[in-house]
Amino acid sequence: MLKYMPRRLTTYEKEVGKENGYSNFFVRGPFFTIGPFLIEGSLRFPHRRNEILPVRHILVQESNHNSCFYVSIPKSDSSEGPDSEAVPCKAEMY
């Protein structure tokens, strides 16, 4: 049996998460599988949105090794409507 450990959040990732909070205790299901698809979800609550970061490298490695299709759902728009000057934080921009 192989055991995979997620990495810790970086200082930058923690800094970005300060406003809404963050968790790095364990990963709580931000990904799932359907057939040959490994899907990285987009969590609703801001304090959980970056939970995928410490395990993403494991998911990519395993999907490549097992010939899965890795799909990532985009994060939701965090602005407050069409007239809002707020934009998603830097960690959410591509």
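- Applying the side chain to side chain donor-acceptor pair (under 3.5 Å) test to Asn66 and every residue at least two apart in sequence or in another chain returns Glu62.
- Rounding to the nearest 0.5 angstrom, the gap separating the CD1 atom in Ile58 from the NE2 atom in His65 is 14.0 Å.
- The closest side-chain heavy-atom distance from Ile39 to Ile34 is below 4.5 Å.
- Looking at heavy atoms from C-beta onward, Gln61 lies in side-chain contact with Tyr4 at the 4.5 angstrom threshold.
- Residues Leu53 and Arg7 are in side-chain contact: their nearest non-hydrogen atoms beyond the backbone lie under 4.5 Å apart.
- Salt-bridge check for Glu13 with Arg8: failed, with every basic side-chain N at 4.0 Å or more from each acidic carboxylate O.
- With rounding to the nearest 0.5 Å, the separation of CG in Leu59 from CD in Glu40 is 7.0 Å.
- Side-chain contact between Phe31 and Leu38: present, with at least one pair of heavy atoms (C-beta onward) separated by less than 4.5 Å.
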